Amino acid sequence: MIDRRLIREQPEVIREALDKRGMEFDLDELIRLEARRRQLLAVEELRAKRNELSKQIGATIKAGGDAEPLKAEVVEVNRRIRQMEEELEEVEALLERRMLELPNIPKPEVPVGVDEEDNVVVGQQGEPRSFDFEPRPHWEIGPALGILEFESAVKIAGARFVTDMGAGAALERALINLMLDTHTRKHGYTEVLPPFLANERSLIGTANLPKFEEDLFKTREGLYLVPTAEVPLTNLHQDEILDGEELPLCYTAYTACFRSEAGAAGRESRGIIRLHQFHKVELMKFTRPDQADEELEKLIRDAEAILEMLELPYRRVMLCTGDLTFASCQTFDLEVHFPGMGKWVEVSSCSQYGEFQARRCNTRFRMHPEDKPQFVHTMNGSGLACGRTMAAIIENYQQENGSVVVPDALRPYMGGMSEILPPLP
RNA sequence: GGAGGGGUGGCCGAGUGGUCGAAGGCGGCGGUCUUGAAAACCGCUGUGCGAAAGCACCGGGGGUUCGAAUCCCUCCCCCUCCGCCA
């Protein structure tokens, strides 16, 4: 959420941001509502009058006088208050709803663009692997090796699910452990194993609600399956005032992630790139505003460190304004080269949100007890998406005979296994 | 799930429907004292909106009343006991 003051004081900043994102939004309505809300604040004068008269009534009764004329006066004042309050409530409710639908303002350094075509590659590590045979996509290799099953997943749940089997399950678990161990022991993050279901308030906090409900799975009880660990982690400190000396707070969490992928029908339908359930180790930080850029860079480096340990060729992409997610003010994607698919695929998305989410979660900090609390900055990134990383390994480490070599860094996590071999005929 | 008991400021904890934004204590901040620290003593110490006056907030929402932290309804959460359960 954006500071309301901006709406009355610098609406042009918001208008420019909406233009850059290429987003339709009735900003004038918002400005009207905010102006009306301000007018209706005059009700406070009437409330002051009521408070004053009520005090007089109390004093009069205590003194044994007749309070009836005063009471009649308050009844009249109350009638006027109720009238104004009715409209005020209406205006505030609508204003609140619209505010929650207003996207974040991109940072000035974000390249202006329309869609992913305008994203900018800002770094690359390693070169796409060359093969002396035709590399195959992971959805051919995995099932052939018996480590990825689509048929059983369809029986259990339906389309867009996968079953990891045998060495496949071990491989994904090894990835989770490698990532968590590295982030906690080498990068200084605190490990969290949060709830995988979250309530409406928390989803509003991260800005998945109210606008993107159709992307989520909802339970009968009104809870939502988390689409990412960002949701529980960002809501860890709802309604708290943190000690500025303790910032940045750095958390990492493994969670399953659930996305209904409504409207994504047909896109990336093969393999395990887009599923209803996937697994991810997330990195998340609460920082002071002045630390944000530096901490985001470190967070991205922490995610990249995993790719380097796995010796996967990757590049870093800065998203343009048109490709930014709703809540983000700056996002960098990490893309790994998939030789079987013949393209770069996102395995991590690292974003900072400024105070956008912190306002919604009401997470603040102060440096000294006498300071006014101010909003923290939040940021997060995949460190990394496990399923996609596993697919990247399958494609990058495939051998001509159909086997997959286990990256060195994962072998200690797989009982020393160095290669996943096809089942004997 | 059933029965009972509770949710008050950073924490603990008072609070007869009227001058309660809320006693007291702890903690924190500032000061006196001290070579320094501790102890003692004194003062200050919630958040939001607003230029200010002021308004709002005692788990959330609604109601009764001239007036609600105090009464009523409802939801949520916590504790105890019972049941069920990985």
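Note that these values count all heavy atoms, side chains included, but never hydrogens, waters or copies made by symmetry. The chains referred to below are lettered A, B, ... by the order of the sequence lines, with proteins before strands, and numbering in each begins at 1. Because the structure is predicted, anything quoted here is derived from the model rather than measured.
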Side-chain contact check for R366(A): nearest option of A51(B), U47(B), G18(B) is U47(B)
Run the ring-centre check on H237(A) versus Y251(A) and record whether the distance is less than 6.0 Å. yes
Both distances below 3.5 Å, Watson-Crick or wobble geometry, any strand: find the nucleotide opposite G4(B). C79(B)
Roughly how far apart, to the nearest Å, are G31(B) and G36(B) at atom P? 13 Å
What interatomic distance, in whole Å, is found between C1' of C76(B) and the corresponding atom of G21(B)? 25 Å
Over how many whole Å does the gap from I241(A) atom CD1 to C11(B) atom P extend? 11 Å
Taking the six-membered ring for Trp and the single ring otherwise, decide whether the centroids of H377(A) and F356(A) are under 6.0 Å apart. no
What is the pairing partner of C57(B), taking Watson-Crick or G-U wobble pairs with both distances under 3.5 Å in any strand? G46(B)
I'd like to know if K107(A) and D293(A) make a salt bridge, using a cut-off of under 4.0 Å between side-chain N and carboxylate O. yes
Separation of C77(B) C1' from L223(A) CG (nearest whole Å): 14 Å
R4(A) near the nucleic acid: base, sugar-phosphate alone, or nothing, with a heavy-atom cut-off under 4.0 Å? nothing
In whole angstroms, how far is the C1' atom of G50(B) from the CZ atom of R37(A)? 10 Å
Who does U35(B) pair with, Watson-Crick or G-U, both distances under 3.5 Å? none
Could you tell me whether E355(A) and R360(A) have a side-chain N and a carboxylate O separated by less than 4.0 Å? no
Among the nucleotides C49(B), G18(B), C55(B), whichever has the atom closest to the side chain of I61(A) is G18(B)
Expressed as a whole number of angstroms, how long is the span from R47(A):CZ to U65(B):C1'? 17 Å
Step-by-step side-chain contact (heavy atoms from CB on, under 4.5 Å) determination, L319(A) to F332(A): CA-CA 6 Å; L319(A) 300 198; F332(A) 295 90; over 6 Å; no
Contact nearer the 5' end of RNA chain B, comparing R8(A) with V75(A): R8(A)
Distance between C1' atoms of A53(B) and G59(B) (Å, rounded): 31 Å
In whole angstroms, how far is the C1' atom of G54(B) from the CD1 atom of I81(A)? 13 Å
Atom C1', compared across G5(B) and G9(B): separation rounded to whole Å: 24 Å
I want to check one thing: is the phosphate of C66(B), taken as OP1 and OP2, less than 4.0 Å away from some side-chain N or O of N51(A)? no
Pairing check on A69(B): which nucleotide meets the Watson-Crick or G-U wobble criteria with it, both distances under 3.5 Å? none
Start at the 5' end of RNA chain B and walk down; is the nucleotide closest to D371(A) or to N78(A) reached first? D371(A)
Identify whether any heavy atom of I57(A) sits under 4.0 Å from a base atom; if not, whether one sits that close to sugar-phosphate; answer base, sugar-phosphate or nothing. base
Separation of C66(B) atom P from R80(A) atom CZ, nearest Å, is 18 Å
Rounded interatomic separation in angstrom, taking NE2 from H237(A) and P from G10(B): 17 Å
Now, which nucleotide makes the Watson-Crick or G-U wobble pair with G21(B), with each of the two distances under 3.5 Å? none
Considering every strand shown, what is the Watson-Crick or G-U wobble mate of A51(B) when both distances are under 3.5 Å? none
Suppose you measure atom P in A51(B) against the same atom in U65(B); what distance do you get, rounded to whole Å? 36 Å
Using a strict threshold of under 4.0 Å (side-chain N to carboxylate O), is an ion pair present between K285(A) and E295(A)? yes
Ionic contact status for E52(A) with K49(A), cut-off 4.0 Å: no
How far does the C1' atom of A23(B) sit from the matching atom of A37(B), given to the nearest Å? 33 Å
Rounding to an integer number of Å, can you tell me how far E96(A) CD sits from G48(B) P? 16 Å
For the side chain of E44(A), starting at C-beta, report the closest nucleotide among U19(B), C66(B), C49(B). C49(B)
Side-chain N or O of R364(A) versus OP1/OP2 of G10(B): is the shortest distance under 4.0 Å? no
When you compare U16(B) with G67(B), how far apart are their C1' atoms, in angstrom units rounded to a whole number? 16 Å
